[in-house]
A.B. asks: 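This is the structure I want to talk about, given as structure tokens.
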Amino acid sequence: MQFVDEASIIVEAGKGGNGCLSFRREKYVPKGGPDGGDGGHGGSVYLIGDDSLNTLVDFKFQRFYKAENGQGGMGRQMSGKAGEDLHVKVPVGTTVVDVDTLEVIADVTEIGQVVLVAEGGRRGLGNIHFKSSTNRAPRRTTPGTEGDRRNLRLEMKVMADVGLLGMPNAGKSTLIRSVSAAKPKVANYPFTTLVPNLGVVKLGMHEHFVMADVPGLIEGASEGAGLGLRFLKHLTRTRLLFHVVDVAPFDESDPVEAAQAIVHELGQFSPALSERPRWLVLNKFDLLPEDEREERAQAIIDALGWEGPVFRISAISSEGTDKLVQAAYRWLTEQRRLENEDEDALAREQEMRRRMEEESVARIEERLGRRRKRPDDEDDEDFDDDDYDVEVEYAP
């Protein structure tokens, strides 16, 4: 299944039906009055959140959505039938942006959430509405109005509890393969992951959480370098970040500088996101001699001035991964309990989400604004969604 997290569509509501010009004509009724009925309202277009969808791939093949027009009025004071509303299913986590105004119309964050994106046209009035004591045979009607037509940009953010953050080849895909049934591509070269991957981490009956692996970031990602700007948005829907650091990079780069670059890009993209709880996950310990492991780990911790939780793992051999996911599950469970019992904790979480959404939306609008200023031949939309066919698998 192809993973697509951005799509452009056109939605058009139905036109309202015209009012009818008609006069009563019955046998033995020589002076029948006006009896033209009203038209029907045009159908509207709604988006509805659906948890069975996890990609916007359908919108790459069908880009135009139109609701039904209202029926015209008829004689004998019969009103026309209203046009059927059109309900379009979108994945939960979809942000809807009006391309022409750069206005964010809605953010679909709940299953079954319904959002009006194009309102149907109003019905026209028949001539029966215009009769009076001085005008007993009105020939006046009103036409139905046109429905709204909008160019929309759909931007999907995956819904996950834990997000993996790190440089290319830090071992994020290997980690999610190790702890879940997700099978993203793994190879010994950078940018193996080109799209987000979701994995359900199961610890026992009714004990699980969702982990998201996004493409690796590089310096300048918040300004569009690499694949980062496009995928940093997915991390705004997570509660906890795992900052995965390669302690033995094959190119002999400095792990501390790599970690600091990631922190910088996170803050540039969204200051609120950079305040999210973040755990340091030191990966690939199996590549170091046993007598050097603790010394290398402590050197990285000291250089970063890190005071939060630290986990030493080897994702490929699953060493230390059980301890990591169990700690994450306990933390997530405690956070949910606090939010259920403490109104202040819930308010803080809601405020944090609001800030992250505002900052993420600002980035989306900024990127769309830059695209509109480019010449047509330079607008490559970063890269084409259709270039990549990636299998996304979930644990049962």
Side-chain angles (χ1 to χ4, degrees), residues 158-184 186 192-193 196-217 234-235 237-249 255-256 258-259 262-263 266 273-288 290 292-302 304 306-338 393-396:
V158 297
M159 306 291 284
D161 300 299
V162 175
L164 301 183
L165 180 70
M167 296 291 264
N169 257 33
K172 303 184 299 299
S173 295
T174 304
L175 175 57
I176 199 171
R177 288 173 65 103
S178 175
V179 300
S180 78
K183 302 299 179 186
V186 174
T192 310
T193 303
N197 294 286
L198 290 181
V200 179
V201 182
K202 296 193 68 174
L203 290 85
M205 187 66 68
H206 307 302
E207 296 180 348
H208 62 269
F209 62 87
V210 180
M211 181 181 291
D213 167 30
V214 301
L217 306 180
H234 293 289
L235 297 178
R237 294 286 167 85
T238 60
R239 288 173 169 267
L240 175 65
L241 298 176
F242 286 173
H243 188 164
V244 183
V245 177
D246 182 355
V247 298
V256 174
I262 292 294
V263 174
L266 202 62
L273 180 58
S274 67
E275 297 173 14
R276 259 305 193 213
R278 183 161 40 92
W279 293 359
L280 186 63
V281 179
L282 303 178
N283 190 26
K284 302 187 182 181
F285 260 77
D286 56 316
L287 300 181
L288 297 175
E290 289 189 13
E292 294 182 13
R293 294 180 181 181
E294 190 55 37
E295 181 181 352
R296 177 72 65 88
Q298 196 58 49
I300 294 174
I301 295 169
D302 293 342
L304 291 174
W306 188 265
E307 298 179 354
V310 181
F311 294 85
R312 300 160 176 82
I313 71 167
S314 173
I316 197 167
S317 64
S318 299
E319 179 183 344
T321 57
D322 285 345
K323 181 180 178 181
L324 173 64
V325 297
Q326 288 171 5
Y329 179 76
R330 289 194 298 269
W331 186 90
L332 291 167
T333 302
E334 179 64 16
Q335 287 300 115
R336 295 190 182 99
R337 185 192 66 79
L338 284 175
E393 299 182 15
Y394 300 86

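Please read these numbers as outputs of a predicted model, since none were measured by experiment.
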A.B. asks: Can you measure from NE2 (His208) to CG (Asp161) and round to the nearest 0.5 angstrom?
C.D. replies: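 That separation rounds to 8.0 Å.
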A.B. asks: Mind listing the closest non-hydrogen atom pair of Arg296 and Ala248 along with its distance?
C.D. replies: NH1-CA, 4.4 Å
A.B. asks: Nearest 0.5 angstrom please: Leu324 CG to Trp279 CH2, how far?
C.D. replies: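 Those atoms lie 7.0 Å apart.
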A.B. asks: Nearest 0.5 angstrom please: Arg177 CZ to Lys172 NZ, how far?
C.D. replies: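 With rounding to 0.5 Å, CZ (Arg177) is 14.5 Å from NZ (Lys172).
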A.B. asks: Would you compute the distance between atom CG of Asp286 and atom CG of Asn283 and round it to the nearest 0.5 angstrom?
C.D. replies: 7.5 Å
A.B. asks: Determine the minimum heavy-atom distance between Val245 and Ala259, stating which atoms define it.
C.D. replies: CG2-CB, 4.1 Å
A.B. asks: Could you tell me if the side chain of Phe242 sits less than 4.5 Å from the side chain of Met211, heavy atoms only?
C.D. replies: yes
A.B. asks: Among all residues two or more places apart in sequence or in another chain, which pass the side chain to side chain donor-acceptor pair (under 3.5 Å) test with Gln298?
C.D. replies: Asp302
A.B. asks: What residues, two or more places apart in sequence or in another chain, satisfy salt bridge (Lys or Arg N to Asp or Glu O under 4.0 Å) together with Arg276?
C.D. replies: Glu349
A.B. asks: Tell me if a side-chain donor or acceptor on Ser178 pairs with a main-chain N or O of Thr174 at a distance below 3.5 Å.
C.D. replies: no
A.B. asks: Closest heavy-atom contact between Ser173 and Ile176?
C.D. replies: O-CG2, 3.2 Å
A.B. asks: To the nearest 0.5 Å, what is the distance between NZ on Lys284 and CG on Asp246?
C.D. replies: 4.0 Å
A.B. asks: Listed by chain and number, what are the side chain to side chain donor-acceptor pair (under 3.5 Å) partners of Gln335, not counting sequence neighbours?
C.D. replies: none
A.B. asks: State, with a plain yes or no, whether a side-chain heavy atom of Val256 is found less than 4.5 Å away from one of Leu304.
C.D. replies: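 Of all side-chain heavy-atom pairs linking Leu304 with Val256, at least one is under 4.5 Å.
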A.B. asks: Go through the steps to decide whether Ile313 and Val244 satisfy the test side-chain contact (heavy atoms from CB on, under 4.5 Å), and finish with yes or no.
C.D. replies: CA-CA 10 Å; Ile313 71 167; Val244 183; 5.8 Å; no
A.B. asks: Could I get the full list of side chain to side chain contact (heavy atoms under 4.5 Å, CB included) partners for Glu334, not counting sequence neighbours?
C.D. replies: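 Checked Glu334 against side chain to side chain contact (heavy atoms under 4.5 Å, CB included); matches are Arg337, Leu338.
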A.B. asks: Can you run down the salt bridge (charged side-chain N to carboxylate O under 4.0 Å, His left out) pairs that involve residues 308-328, sequence neighbours left out, and say none if there aren't any?
C.D. replies: Arg293-Glu319, Glu294-Arg312
A.B. asks: Once you round to the nearest 0.5 Å, how far does CG of Leu165 lie from CG of Leu280?
C.D. replies: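 Reported to 0.5 Å precision, the distance equals 10.5 Å.
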A.B. asks: Does the side chain of Phe209 come within less than 4.5 Å of Thr333's, by heavy atoms?
C.D. replies: no
A.B. asks: If the condition is side chain to side chain donor-acceptor pair (under 3.5 Å), which residues does Ser317 pass it with, not counting sequence neighbours?
C.D. replies: Ser314
A.B. asks: Taking all non-hydrogen atoms of both residues into account, name the closest pair between Tyr329 and Glu207 and its distance.
C.D. replies: OH-CG, 3.4 Å
A.B. asks: Search all heavy atoms of Leu288 against all heavy atoms of Val247 and return the closest pair with its distance.
C.D. replies: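 In terms of heavy atoms, the two residues are closest at CD1-CG2, 3.8 Å.
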A.B. asks: Find out whether Pro277 and Trp331 are in side-chain contact, i.e. whether some heavy atom of one side chain is under 4.5 Å from a heavy atom of the other.
C.D. replies: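 Yes, their side chains come closer than 4.5 Å.
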